[in-house]
K.L.:
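Pasting a structure here, questions to come.
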2 protein chains.
Amino acid sequence: MGRRDRIDRDILALLQTDASLSTGEIADRVSISKTACWRRIQQLDKEGIIQKRVALLNAAAVGLPLTVYISVRTNQHNDRWAGQFLQTVRDLPEVLEVHRMSGDLDYLIKAVVSDMPGYDRLYKKLIKADLSDVSASFVMEEMKYTTELPLDSF
Amino acid sequence: MGRRDRIDRDILALLQTDASLSTGEIADRVSISKTACWRRIQQLDKEGIIQKRVALLNAAAVGLPLTVYISVRTNQHNDRWAGQFLQTVRDLPEVLEVHRMSGDLDYLIKAVVSDMPGYDRLYKKLIKADLSDVSASFVMEEMKYTTELPLDSF
DNA sequence: GCCCATAAGAAATTTTTTTCCGTTTTTTAA
DNA sequence: TTAAAAAACGGAAAAAAATTTCTTATGGGC
């Protein structure tokens with residue numbers, strides 16, 4: 001089934017950069033036939049190695065020029081509270097990522113907002129979930145952003 | 001040119017969730033003709049509102065199950081150092097994001113690695129760039145991850 | 001009402017995706 | 001090492017989708 005050879009790696013590398021490439025285009029670049037290439041991509045989809053194909057939008061162009069990281073600490077460590085918190089952040093569309101962390105902070109949240117009043121509205125929605133310590137750091141400059149994973153270990 | 005109406009917003013919302021949808025499929029869902037839909041998507045591409053279409057891979061499945069956030073502080077605040085640092089992180093494929101931050105830390109880096117030895121290898125590469133303070137927090141659990149931006153302000 | 005500009009839809013064309021089928025390569029086990 | 005089985009390949013053809021072109025509608029200003 002899963003071969004995990006150089007060709008699959010090259011296909012994934014290409015799709016990570018540009019998911020709008022046609023099968024024929026990819027086939028040419030990895031030097032196999034269109035059909036073989038199509039079958040490999042199908043397989044990678046089926047196995048869940050390719051999770052999804054998405055369009056990445058320009059955040060500033062859609063009115064969300066401000067990115068903020070929110071560190072969260074809590075003293076509530078029970079399941080009930082955790083479930084509530086999870087539900088809250090999942091339902092907030094401006095919250096893009098939530099990670100439970102090791103170390104001194106409990107959760108790290110990434111969110112996008114239009115401006116400071118926009119952050120304040122988000123903040124108010126968040127603190128309803130009973131957080132003991134919330135501190136925001138704003139992104140001044142996005143120096144690198146990619147969704148491409150390195151495929152050396154693949 | 002740029003209309004920014006409900007239909008464009010709906011098209012973008014769909015493409016953010018699934019960029020493999022055919023133009024016809026999208027056209028049906030937003031209740032316009034295939035051609036009109038195609039032209040709108042072209043325009044959104046041309047305007048750069050759609051930045052790119054990418055395949056998102058399963059990090060664990062490609063051998064990168066560990067995500068780490070690295071906080072960086074420096075006392076070097078000159079252009080020469082900054083350029084060097086930028087070059088370093090851009091060239092490291094395991095570094096997915098680098099943000100210059102407000103507040104007490106200077107930079108926040110997101111990276112993916114295979115395991116702790118993998119992190120250590122990255123750490124060693126990073127400290128070569130003369131950073132005064134590097135501290136890592138590891139992601140225990142990814143509670144939410146999406147690239148979908150909310151389109152209310154659009 | 002008429003003309004122009006703009007946007008929509010229909011149809012034609014081109015490209016891509018998918019299926020079919022015989023062949024080649026790789027793997028497994030004797 | 002070799003033969004059988006399994007997996008992967010490549011080319012051609014069919015089906016579907018994307019793209020272009022052409023025509024028709026729609027709305028605003030005069």
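Throughout, protein chains are lettered first and strands after them, A, B, ... in sequence-line order, and every chain is numbered starting at 1.
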K.L.:
Using a strict 4.0 Å threshold on nitrogen-to-oxygen distance, state whether A:Asp45 and A:Arg53 make a salt bridge.
P.N.:
yes
K.L.:
In whole angstrom, what separates A:Ile11's CD1 from D:dA8's C1'?
P.N.:
12 Å
K.L.:
Between A:Glu97 and B:Lys110, does any side-chain N to carboxylate O distance fall below 4.0 Å?
P.N.:
yes
K.L.:
Could you give the angle between the helix axes at the two ends of the helix from C:dG1-D:dC30 to C:dA30-D:dT1, with five pairs per end, rounded to 10 degrees?
P.N.:
30°
K.L.:
Can you see whether A:Tyr145 engages B:His99 through a side-chain donor-acceptor pair at a distance of less than 3.5 angstrom?
P.N.:
no
K.L.:
Using the side chain to side chain contact (heavy atoms under 4.5 Å, CB included) rule, take B:Leu56 and B:Thr147 through it: C-alpha gap first, then chi angles, then the decisive distance, then the call.
P.N.:
CA-CA 10 Å; B:Leu56 299 180; B:Thr147 55; 4.3 Å; yes
K.L.:
Round to a whole Å and report the spacing from CD1 of A:Ile32 to C1' of C:dT25.
P.N.:
14 Å
K.L.:
Round to the nearest Å and state the distance from B:Gln43 atom CD to C:dA8 atom C1'.
P.N.:
16 Å
K.L.:
Calculate the interatomic distance between A:Ile7 atom CD1 and C:dT26 atom P; express it in whole Å.
P.N.:
11 Å
K.L.:
Using the closest heavy atom to pick a nucleotide of DNA chain C for each, name whichever of A:Ser20 or B:Ala36 lands nearer the 5' end.
P.N.:
B:Ala36
K.L.:
Whole-Å distance between C:dT17 C1' and A:Leu15 CG?
P.N.:
14 Å
K.L.:
Quickly work out the B:Glu25 CD to C:dT17 C1' distance and round it to whole Å.
P.N.:
16 Å
K.L.:
For A:Lys34 and for A:Arg39, locate the closest nucleotide of DNA chain C by heavy-atom distance; then report the residue assigned to the nucleotide nearer the 5' terminus.
P.N.:
A:Lys34
K.L.:
Quick check: are there more than 12 heavy atoms from other residues, nucleotides or ligands sitting under 6.0 Å from CG of B:Asp79?
P.N.:
no
K.L.:
Using OP1 and OP2 only, check whether a side-chain N or O of B:Trp38 sits under 4.0 Å from D:dA18.
P.N.:
no
K.L.:
State plainly whether the residues B:Asp91 and B:Lys125 are in salt-bridge range, i.e. N to O under 4.0 Å.
P.N.:
no
K.L.:
When the distance from CD1 of B:Ile26 to P of D:dA16 is rounded to whole Å, what number comes out?
P.N.:
19 Å
K.L.:
Give a yes/no on whether any side-chain N or O of B:Thr23 is located under 4.0 angstrom from OP1 or OP2 of D:dA18.
P.N.:
yes
K.L.:
Show the nearest heavy-atom pair for residues B:Ala129 and B:Trp81, with the distance to one decimal.
P.N.:
O-NE1, 2.9 Å
K.L.:
Rounded to the nearest angstrom, tell me the gap between atom CG in A:Asp28 and atom P in D:dG10.
P.N.:
12 Å
K.L.:
Please determine if a side-chain N or O atom of B:Thr35 lies less than 4.0 Å away from the OP1 or OP2 oxygen of C:dA8.
P.N.:
no
K.L.:
Is there a side-chain polar atom (N or O) of A:Arg40 under 4.0 Å from OP1 or OP2 of D:dC9?
P.N.:
yes
